[in-house]
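One structure is given below, encoded as structure tokens.
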Number of protein chains: 2
Amino acid sequence: MKEYTEQIDIYAQLLKILGDRTRMTIFSLLKVRELCVCELTDLLEVSQPAISQHLRKLKLLNVVKERKNGQWVYYSLREPKENERMLKAIIEHLPDLTDALKELDQKGISCKI
Amino acid sequence: MKEYTEQIDIYAQLLKILGDRTRMTIFSLLKVRELCVCELTDLLEVSQPAISQHLRKLKLLNVVKERKNGQWVYYSLREPKENERMLKAIIEHLPDLTDALKELDQKGISCKI
DNA sequence: TTATAATATAATTATATAATTATATATTAA
DNA sequence: TTAATATATAATTATATAATTATATTATAA
């Protein structure tokens with residue numbers, strides 16, 4: 001079996017990291033548009049450090065990227081490479097959270113956490 | 001957010017259960033053909049109770065089904081329903097373990113665990 | 001019937017994980 | 001400068017998970 005498990009390990013790790021409700025929500029939100037940590041903290045029901053730690057895992061897995069702008073750090077999905085077919089497929093089937101972000105936009109974000 | 005999280009929870013649980021190297025291997029093997037517990041135990045490097053426990057989780061998630069034949073229990077993938085798009089996509093992209101099973105067939109299975 | 005084989009379940013243990021609180025770092029504004 | 005904001009990291013705690021060993025259950029064979 002060992003000859004066959006390398007790819008399986010890679011996939012298993014991908015699914016394990018995405019297989020968490022908080023990270024899956026973050027991931028789905030970032031599919032809509034890039035968001036800063038304070039927006040994610042505002043949207044989800046966990047603390048800011050928890051968000052940062054989840055983002056670190058997603059970054060280690062190389063599925064999100066960050067962009068620094070002043071004191072804010074904006075995260076977004078990293079475009080999957082051509083050979084990352086499973087990741088692509090997962091992203092395609094993610095639930096659409098556009099409406100959840102519309103609510104955020106309407107009330108106007110207050111980044112005071 | 002709560003209005004949007006039901007589907008996310010379902011997906012997160014699916015990915016969490018499949019996001020384990022042992023279960024991902026079992027799942028990939030069952031994609032090739034149905035296998036009894038003793039064959040899976042023979043192929044993988046964990047104990048028979050561990051295999052049974054992983055199979056139970058996969059069955060709880062409703063992604064595998066079982067068929068009893070004498071003292072053997074054969075497991076196979078449950079055909080995903082039309083609306084289970086993400087599961088379908090994952091199955092499609094699973095690594096092909098046909099060769100690993102050929103080796104098993106050649107040496108002739110000895111179900112003495 | 002008794003023994004053996006295949007599988008499942010229970011109990012236990014060790015490890016991993018997610019969350020919180022506390023604190024550090026960096027950036028901007030007063 | 002000093003204060004406040006945004007984010008990251010560290011330490012801790014509570015919980016979940018995967019594995020093992022031991023045992024139970026069921027089916028077949030001697």
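Lettering follows sequence order; numbering is per chain, from 1.
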**Study point:** Test log, rule salt bridge (charged side-chain N to carboxylate O under 4.0 Å, His left out), inputs R78(A) and E84(A)
**Key:** CA-CA 12 Å; R78(A) 213 212 66 223; E84(A) 296 174 301; 2.8 Å; yes

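Note: NE2 (H54(A)) to P (dA19(C)) measures 4 Å, nearest angstrom. In this structure, the CG atom of L40(B) is 14 Å from the P atom of dA19(D), given to the nearest Å. With rounding to whole Å, L58(A) atom CG is found 16 Å from dT7(D) atom C1'. E66(A) places its CD atom 14 Å from the C1' atom of dT9(D), with the value rounded to the nearest Å. When the C1' atom of dT26(D) is taken as reference, atom CH2 of W72(B) falls 13 Å away, rounded to whole Å. The separation between K16(B) atom NZ and dA18(D) atom C1' is 13 Å, rounded to whole Å. For R23(B) and dA19(D), the CZ to P distance is 8 Å, given to the nearest whole Å. Rounded to an integer number of Å, the gap from D20(B) CG to dA16(D) P is 17 Å.
For the pair V63(A) and L77(A), the minimum side-chain heavy-atom distance is 4.5 Å or more.
Follow the hydrophobic side-chain contacts under 4.5 Å out from V46(B) and you reach Y4(A) in the same cluster.
The closest donor-acceptor contact from the side chain of D20(B) to the backbone of R23(B) lies under 3.5 Å. Panel note: side chain K31(A), backbone I91(A); a donor-acceptor pair is recorded below 3.5 Å.
Put simply, T22(A) has no side-chain N or O that comes within less than 4.0 Å of OP1 or OP2 on dA18(C).
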Do any N or O atoms of the protein come closer than 3.5 Å to N or O atoms of nucleotides 20-24 of chain D, and which pairs are they?
unit_1  : atom_1 : unit_2 : atom_2 : d
dT20(D) : OP2    : S47(B) : N      : 3.1
dT20(D) : OP2    : S47(B) : OG     : 2.8
dT20(D) : O4     : Q53(B) : NE2    : 3.3

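The 5' end of DNA chain C is approached more closely, in terms of each residue's nearest nucleotide, by S52(B) than by the other of S52(B) and K68(A). Heavy-atom nearest nucleotides on DNA chain C were determined for R56(B) and for R21(A), and the one closer to the 5' end corresponds to R56(B).
Summarising the base pairing, dA19(D) is matched to dT12(C) through a Watson-Crick or G-U wobble pair whose two defining distances lie under 3.5 Å. Here dA29(C) sits opposite dT2(D) as a Watson-Crick or G-U wobble pair (both hydrogen-bonding atom distances under 3.5 Å).
The residues R56(B) and E66(B) are annotated as not salt-bridged, no charged nitrogen and carboxylate oxygen being separated by less than 4.0 angstrom. With respect to K88(A) and E82(A), a salt bridge is recorded, a charged nitrogen being found less than 4.0 Å from a carboxylate O.
For a distance-only test at 3.5 Å, the side chain of Q71(A) qualifies as a donor-acceptor partner of the base of dT5(D).
Contact annotation for Y74(B): no contact, since no heavy-atom pair falls under 4.0 Å across all strands.
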